[in-house]
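Order of the sequence lines fixes the chain letters, A, B, ..., with proteins taken first and strands second; residue numbering starts at 1 for each chain.
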Amino acid sequence: MNRVVAWFEDNKRDLPWRAPEAGPWGVLVSEVMLQQTPVARVLRVYEYWMARWPSPAHLAEESLAEVLRAWDRMGYPRRAKRLQEAAHVIVTEHGGVVPSQLEALLALPGVGDYTARAIRCFAFGIAEAVVDTNVRRVVARVQAGQGEAGPPRTVADRANVSALLETLDDTASQCVGAAGLMELGAIVCKARAPECSSCPIADLCQWRISGYPPYEGATAAKQARFEGSDRQVRGIILRELRSSDTPVPLSFLRTLWSEQEQFERALSSLLEDGLIETGPDKSAEYRISGS
DNA sequence: GTCCCGATGA
DNA sequence: TCATCGGGAC
């Protein structure tokens, strides 16, 4: 693990949420954005958000419509709504300061096992086994000699990573080690086309040593196609409403997608998620929530 | 076309 | 335990 720490110090990407001035709020915002969206697409939106809403109180006071617009096209817009809800909780329950207690973080909307521990480690310097899919893949390869990580076993996965971090002798380096494992998985030990020649621990990697055996464990469920999915329809509807300052007639929205049953399903799910609402002319027009 | 990614609630 | 939830990179 010492080599992972040294490698990270020399090779880490220069990301804005890693700067000290990002603070716990910047770490929280970035981690939520990064939950399902690649770094390259997060960067621009993150900078805009932090400039516009530099504290939880700023975000909590904003209209939901503006929050959803600023989320732009990062996908899974429920994350934006939950992040604002989390800001509300931080203001009302924690005096506007991002909490450092694990239980308090887990109680924030949109914050789960991974994000809570990432905030503690990266924002507060508290040693935690931060396990994302990158880390699970690195551990599967280096220690188990498996090409990929199989189904998540949260408790066992954390124990594995804890044991690795505990080989480092102080809290600060354990936090760096946690970040290092993630970075290694993100830019070297990639799911496809790993770059073992750049890996600081290639000589220890059981998967490489045994000649990259193909993965034989339980295979993850195949991802449904995006084209033609309900997700795509939701995205199309929300994109239209984001860009409109006035309620959009249902009759026009219907023209955006030919299959009416699927359109209605997508529209209903957006309503249920609280991302859109009906305009003054009930059920005949829709707008983004909180306009 | 295939893959990537964490939280949530059923 | 598993389906749902986006949109871009490859």
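Among the atoms of the strands shown, none is found under 4.0 Å from any heavy atom of A:P38. Using a 4.0 Å heavy-atom distance criterion, A:R136 is classed as making no nucleic acid contact. Contact annotation for A:V32: no contact, since no heavy-atom pair falls under 4.0 Å across all strands. A:P109 comes within contact range of the sugar-phosphate backbone alone, with a heavy-atom separation under 4.0 Å but no base atom that close. Nucleic acid contact class of A:D273 (heavy atoms, under 4.0 Å, all strands): none. At the heavy-atom level, A:T115 lies under 4.0 Å from the strands shown only through sugar-phosphate atoms.
Helical stems in DNA chain B, defined as runs of 3 or more consecutive Watson-Crick or G-U wobble pairs with both donor-acceptor distances under 3.5 Å, are listed by first residue as B:1-10 with C:1-10.
Remark: C1' of B:dC3 and CZ of A:R192 are 4 Å apart, rounded to the nearest angstrom. As a whole-Å value, the separation of A:R153 CZ from C:dC2 P is 11 Å. One can place CD of A:Q35 at 5 Å from P of B:dA7, the figure rounded to the nearest angstrom. Following rounding to the nearest Å, A:Q36 (CD) and C:dG8 (C1') show an atom-to-atom distance of 13 Å. Going from atom CH2 of A:W71 over to atom P of C:dG8 covers 14 Å, rounded to whole Å. In this structure, A:K81 places its NZ atom 15 Å from C1' of B:dA7, rounding to the nearest Å. The interatomic distance linking A:F226 (CZ) with C:dT4 (C1') rounds to 14 Å, in whole Å. In this entry the distance linking NZ of A:K190 with C1' of B:dC4 reads 13 Å, nearest Å.
The shortest non-hydrogen separation linking A:P56 to A:A87 is O-CB, 3.5 Å. Closest approach of A:T171 and A:A127 over heavy atoms only: CG2-N, 3.7 Å.
Each of A:R82 and A:L34 was matched to the nucleotide of DNA chain B holding its nearest heavy atom; the match closer to the 5' end belongs to A:L34. Nearest-nucleotide positions on DNA chain C for A:A40 and A:D230 put A:D230 closer to the 5' end.
OP1 and OP2 of B:dA7 both lie 4.0 Å or more from every side-chain N or O belonging to A:R117. When the side-chain nitrogen and oxygen atoms of A:T133 are compared with OP1 and OP2 of B:dC5, one or more of them lie within a distance under 4.0 Å.
Of all nucleotides listed (B:dC5, C:dG7, B:dC3), B:dC5 comes nearest to the side chain of A:N134. Of the listed nucleotides (B:dT2, C:dG7, B:dC5), C:dG7 has the atom at the smallest distance from the side chain of A:R41. For A:R78, taking side-chain heavy atoms from C-beta onward, the closest of the listed nucleotides B:dC5, C:dG7, C:dT4 is C:dT4.
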Item to check | Derivation and outcome, salt bridge (charged side-chain N to carboxylate O under 4.0 Å, His left out), residues A:R44 and A:E47 | outcome: CA-CA 5 Å; A:R44 187 185 126 265; A:E47 299 283 17; over 6 Å; no

Item to check | Test log, rule salt bridge (charged side-chain N to carboxylate O under 4.0 Å, His left out), inputs A:R3 and A:D203 | outcome: CA-CA 11 Å; A:R3 283 145 70 181; A:D203 59 315; 2.4 Å; yes

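Around atom CZ of A:R225, no more than 12 heavy atoms belonging to other residues, nucleotides or ligands sit under 6.0 Å away.
Residues in residues 247-278 of chain A take part in no ring pair (Phe, Tyr, Trp, His ring centres under 6.0 Å) pair, two or more places apart or across chains.
Taking the six-membered ring for Trp, A:W25 and A:W53 have ring centres at least 6.0 Å apart.
Remark: A:R82 pairs with A:R78, A:E85, A:P109 by the side-chain contact (heavy atoms from CB on, under 4.5 Å) rule, at least two apart or across chains.
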